[in-house]
Amino acid sequence: MPLRRKKSVPAPPTGPQPKGTGTLATLPGNRHAAILGVGGYRPERVVDNNEICEVLDSSDQWIRERSGIVTRHIAAKDGESVIDMSEAAARGAIEMAGIDPEQIGCIIIATVSHPYQTPAAAPLLAVRIGADTAAAFDISAACAGYCHGITLASDMVRAGTVDYALVVGVERLSDFTDPTDRGTAFIFADGAGAAVVGKSDTEGIGPTIWGSDGKHWDVIAQRDSWIDVREQDLGWPTIVMQGQTVFRWAVWGMAPVAKRALDAAGVTVDDLDAFIPHQANMRIIDAMAKQLKLPDDVVIARDIATTGNTSAASVPLATERLLREGEAPRGGLALQLGFGAGLSYAAQVIRLP
Ligand code: UT7
């Protein structure tokens, strides 16, 4: 980066003096960014509630009534890894965006179930899809991860850091779920969703409203740290959840966040074509829709019924489905909202690709 020396920037009065006191050349900034394509991958194996209840002390009726889930997809032992599923979803998004993989400057994978502490999943995905030299890293914001990724990608494109970024939300939660845990076994599922964010003539991604509440860090969490697992021989650390606490937070805390995202984008519920919240629980989706007073013609994503709760993958998977099945219009406005472990959340209004 060339450094233009400018005498007008004062050096600190004491301590070591910097070599140069000039300004840095910077990126163009102020470009528009939009989601240009989305893709999804659902594992082949469909598991119904009765199969879940073969080991879980529950019933098909209870699961349907309390969560809205009827079936979910569970990844196979081989061939449907976090990377495999990401690749399939990414290919769909890239195809819809109509770009070459080499044009992708950055790959962000949002996941909490990539089974390696390091390296991240994203560099391997980069090689798989032919974006070999793209910057590539993972982020951990659980069910809010995809909407966090869209924020980062949008800002990168708008600033001029990259022309195109790939955002993937992917989970193999079955690897981190105790099939006998009544609080999680029927909810969590596997899958991947992806989006290409790129430069655009018009604005396609509204301002993000996001945040966290670390005081409730433990209400959805890996049961034990890797260190405790090793030192106390605790067994595989599955993810546990204080369901009711999370439920109340989601129902009462997230509708105001969604409203703020609408305000920030300068639109109202009447302008929306679709509402795509994290697919956590059908009752949470219904309660949020009611609080937002969504008009009847706003399509509400209810992918959870046959996809389950796929954490970071749930918003892009639901988006991909609404478009593929023609339920939401291409080019329409959608309010998307992710929330979950951290606690963390992020919402934005987007124009559907
Ligand atoms: O993705 C990240 C964000 N996650 C979420 O947003 C999830 C939020 N939480 C939830 O979706 C709900 O809390 C659950 C679906 C996990 C649980 O539903 P709930 O309505 O909150 O159930 P509960 O824990 O209040 O339990 C209600 C009753 C209890 O029985 P009693 O005391 O009323 O007799 C439980 O013992 O249901 C019983 N119960 C079950 N029964 C059958 C709890 N879990 C089960 C089960 N099967 N799996």
Side-chain angles (χ1 to χ4, degrees), residues 42-77 80 82 85 111-113 115 142-144 169-193 216 218-224 229 234-254 277-290 300-315 317-318 321 338-343:
R42 292 171 173 81
E44 275 179 32
R45 194 158 89 85
V46 175
V47 175
D48 66 17
N49 292 336
N50 289 325
E51 187 174 340
I52 293 287
C53 294
E54 284 171 13
V55 284
L56 183 70
D57 176 16
S58 188
S59 68
D60 174 48
Q61 188 189 353
W62 190 94
I63 295 171
R64 283 178 194 240
E65 283 176 9
R66 307 304 280 189
S67 72
I69 298 171
V70 181
T71 57
R72 75 283 287 146
H73 296 256
I74 299 296
K77 239 181 172 168
E80 287 180 330
V82 161
M85 294 192 289
T111 186
V112 294
S113 48
C143 309
V170 57
E171 302 293 0
R172 239 184 97 106
L173 290 171
S174 56
D175 285 338
F176 292 88
T177 304
D178 173 356
T180 65
D181 177 3
R182 291 175 110 207
T184 56
F186 61 95
I187 281 202
F188 292 146
D190 304 333
H216 293 112
D218 58 340
V219 299
I220 316 173
Q222 179 173 317
R223 202 187 53 225
D224 307 295
V229 165
L234 294 174
W236 187 242
T238 52
I239 298 170
V240 290
M241 176 166 70
Q242 293 173 32
Q244 273 194 18
T245 306
V246 181
F247 189 95
R248 279 194 295 270
W249 168 73
V251 165
W252 299 112
M254 290 301 103
H278 168 45
Q279 303 292 292
N281 182 319
M282 197 70 88
R283 289 187 294 140
I284 295 176
I285 296 169
D286 288 339
M288 284 194 297
K290 201 170 162 191
I300 300 171
R302 298 181 185 284
D303 191 35
I304 187 169
T306 55
T307 303
N309 178 341
T310 56
S311 189
S314 90
V315 169
L317 272 175
R321 182 184 207 141
F339 55 88
L343 293 170

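Partner of I74 under the side-chain contact (heavy atoms from CB on, under 4.5 Å) criterion, out of I52, T177, D190: D190 alone.
I220 CD1 to I239 CD1: the interatomic distance, rounded to the nearest 0.5 Å, is 9.0 Å. Atoms CZ and OG1, on R42 and T71 in that order, are 10.0 Å from each other to the nearest 0.5 Å. From K77, atom NZ reaches atom CZ of R45 across 11.5 Å, with rounding to the nearest 0.5 Å. In this structure, OG1 on T310 lies 8.0 Å from CD on Q279, to the nearest 0.5 angstrom. Atom-to-atom distance recorded for E80:CD and R172:CZ is 7.5 Å, nearest 0.5 angstrom.
At least one donor-acceptor pair under 3.5 Å links the side chain of T111 to the backbone N or O of V170. Of the possible donor and acceptor atoms, none in the side chain of R283 sits under 3.5 Å from a partner among the backbone N and O of F247. When atom types are taken as modelled, the side chain of R223 and the backbone of W236 share a donor-acceptor pair closer than 3.5 angstrom. In this structure a side-chain-to-backbone donor-acceptor pair under 3.5 Å is present from E171 to S113.
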Test log, rule side-chain contact (heavy atoms from CB on, under 4.5 Å), inputs T238 and F188: CA-CA 11 Å; T238 52; F188 292 146; over 6 Å; no
- Task: Output, in order, the C-alpha distance, side-chain angles, deciding distance and verdict of side-chain contact (heavy atoms from CB on, under 4.5 Å) for V112 and L173.
- Result: CA-CA 8 Å; V112 294; L173 290 171; 4.2 Å; yes
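Among residue pairs with one or both ends in residues 179-188, those qualifying as salt bridge (Lys or Arg N to Asp or Glu O under 4.0 Å) are D57-R182; sequence neighbours excluded.
The 12-atom threshold is not exceeded at CD of E44, counting heavy atoms of other residues, nucleotides or ligands nearer than 6.0 Å. Residue W252 places its CH2 atom among 12 or fewer non-hydrogen atoms of other residues, nucleotides or ligands, all under 6.0 Å distant.
Between F186 and I69 the shortest heavy-atom distance is O-CD1, 3.5 Å. Smallest separation of non-hydrogen atoms from S311 and A142: OG-C, 3.4 Å.
With sequence neighbours excluded, the residues satisfying side chain to side chain donor-acceptor pair (under 3.5 Å) with T306 are R321.
Residues I187 and R66 are not in side-chain contact: their nearest non-hydrogen atoms beyond the backbone lie 4.5 Å or more apart.
Residues D48 and R64 are not paired through a salt bridge, judged by the lack of any N-O separation under 4.0 Å between the basic side chain and the carboxylate.
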